[in-house]
J.: 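Quick one: this structure, given as structure tokens, is what I'll be asking you about.
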2 protein chains.
Amino acid sequence: MDQLDRKIIAELRNNGRATYAELGRTVGLSASSVHERVGKLEAAGVITGYHAVVDPRRVGLGVTALVGIQPTDTASDDEVAVALGELPEVESCYAVAGDEAFVVKVRVETVDELEHTLGRLRRIDGVARTRTTVVLSTRFEGRPNNTGLDQG
Amino acid sequence: MDQLDRKIIAELRNNGRATYAELGRTVGLSASSVHERVGKLEAAGVITGYHAVVDPRRVGLGVTALVGIQPTDTASDDEVAVALGELPEVESCYAVAGDEAFVVKVRVETVDELEHTLGRLRRIDGVARTRTTVVLSTRFEGRPNNTGLDQG
DNA sequence: GTTGAAAACTTTAAGTA
DNA sequence: TACTTAAAGTTTTCAAC
């Protein structure tokens, strides 16, 4: 991965639909070269995908919460993580240091649904307790941090 | 926003680089129609952008932490949020219920840098204390939850 | 890495229900 | 209004260099 790759990645993080021709113009390569480089970055697992970002409220997911998952003494973290992944309302799942095994981000339509989801989380085998932090507003989210990409 | 819009959004969440022609084939519309619909969804703020997703470890951001921000008595939440946004290592920022004003997600290269970043967070005017949860592993992240999009 | 060319896609305009 | 087709311009993609 050289400087040009980093530049291409930074561009694609800002605009995931940039054309290879556009990228070529910004980094000073032919579209073919960019195309090949991007293919290699994808194959190498550096670029893992492309997603449209949607305003959650506009698609009926107005309630967000961060939930700490405290495990039982006998819990298998991997099994708990798999179970967490089976709930579609769990958008992200981090294994963390501390007395909680995981912190997950949950997105649902209503607080009623949140209550419902928390119940399901608690019923997962290996989950002892949950600790819920309700998100009041999302100031910003998933901002591309191109430290070391833009110029490194 | 009708069923077709929802289908298009779900597709673009899974593959942000899907061509209008591809989208048209999956939803049963011409490329022109899809093009027009996507333009309207973007203009309406439903689709807010497109991003390449990068494996953070592959771009030198191997350390992730979730940091609760406890405010001082006199803090202006908005001003604190702006200050948080000025640090590029703060990827996401949520205003939350509870004794913490915000929870932020921080991504840095090393634990040394994490220490450095936490110092800067604490020095923000309006920040009394921070509570840091180090992420040991990201099981999954930013999964598109297409509840209510895939089928209505 | 480049160019060149065919196929595919984008994007606008014009026309239809 | 929302769709389609048509057509010109662009981009993709795959050779060959």
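Letters A, B, ... are given to chains in the order of the sequence lines, protein chains preceding strands, and every chain is numbered from 1.
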J.: When we call it a touch if two heavy atoms are under 4.0 Å apart, what does A/S30 touch: a base, just sugar-phosphate, or nothing?
T.: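 Since a base atom lies under 4.0 Å of A/S30, the category is base.
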
J.: Test B/E89 against B/R120 for salt bridge (Lys or Arg N to Asp or Glu O under 4.0 Å), laying out the working first.
T.: CA-CA 11 Å; B/E89 52 269 52; B/R120 275 187 292 194; 2.6 Å; yes

J.: Does D/dT12 have OP1 or OP2 sitting under 4.0 Å from an N or O in the side chain of A/H35?
T.: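 False: A/H35 side-chain N/O out of range (4.0 Å or more) of D/dT12 OP1/OP2.
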
J.: Apply the test side chain to side chain contact (heavy atoms under 4.5 Å, CB included) to residues B/E91 and B/V106: give CA-CA distance (whole Å), side-chain angles for both, the deciding distance (0.1 Å), then the verdict.
T.: CA-CA 6 Å; B/E91 187 182 290; B/V106 166; over 6 Å; no

J.: Closest to the B/K40 side chain: D/dT13, D/dA2, D/dT11?
T.: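 The answer is D/dA2, which lies nearest to the side chain.
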
J.: Is the phosphate of D/dT4 approached by B/S32 (side-chain N or O, under 4.0 Å from OP1 or OP2)?
T.: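 For D/dT4, OP1/OP2 do not have a side-chain N/O of B/S32 under 4.0 Å.
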
J.: I'd like the 5' and 3' limits of the part of DNA chain C contacted by chain B, with heavy-atom contacts below 4.0 Å.
T.: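 Taking any atom under 4.0 Å from a heavy atom of chain B, the span is C/dC9 to C/dT12.
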
J.: Please check: side-chain N/O of A/S92 versus main-chain N/O of B/G142, any donor-acceptor pairing under 3.5 Å?
T.: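 Between the backbone of B/G142 and the side chain of A/S92 there is a qualifying donor-acceptor contact (under 3.5 Å).
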
J.: Over how many whole Å does the gap from B/R37 atom CZ to D/dT1 atom P extend?
T.: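 Answer to the nearest Å: 14 Å.
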
J.: Any donor and acceptor pair, going by atom type alone, linking the side chain of A/T117 with main-chain N or O of A/E113 inside 3.5 Å?
T.: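 Pair found, side chain donor or acceptor close to backbone of A/E113.
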
J.: Provide, to the nearest angstrom, the distance between the CG atom belonging to B/L4 and the C1' atom belonging to D/dT1.
T.: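 One finds 14 Å between C1' of D/dT1 and CG of B/L4, rounded.
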
J.: Using heavy-atom distances to pick each residue's nearest nucleotide on DNA chain D, tell me which of B/R17 and B/D2 is more 5'.
T.: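 Closer to the 5' end of DNA chain D: B/D2.
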
J.: Between the side chains of A/Y50 and A/E42, is a donor N or O closer than 3.5 angstrom to an acceptor N or O?
T.: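 Yes - a donor-acceptor pair under 3.5 Å links their side chains.
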
J.: Distance check needed: D/dT13 P versus A/E42 CD, whole Å only.
T.: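 These atoms are roughly 10 Å apart.
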
J.: Indicate whether any N or O donor in one side chain lies under 3.5 Å from an N or O acceptor in the other, for B/Y94 and B/K105.
T.: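 Short answer, no.
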
J.: Nearest whole angstrom, please: distance from the P of D/dT13 to the CD of A/E36.
T.: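 To the nearest whole Å, that distance equals 13 Å.
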
J.: Without decimals, in angstroms, what is the distance between B/Y20 OH and D/dT11 P?
T.: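 After rounding, the gap between these two atoms is 13 Å.
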
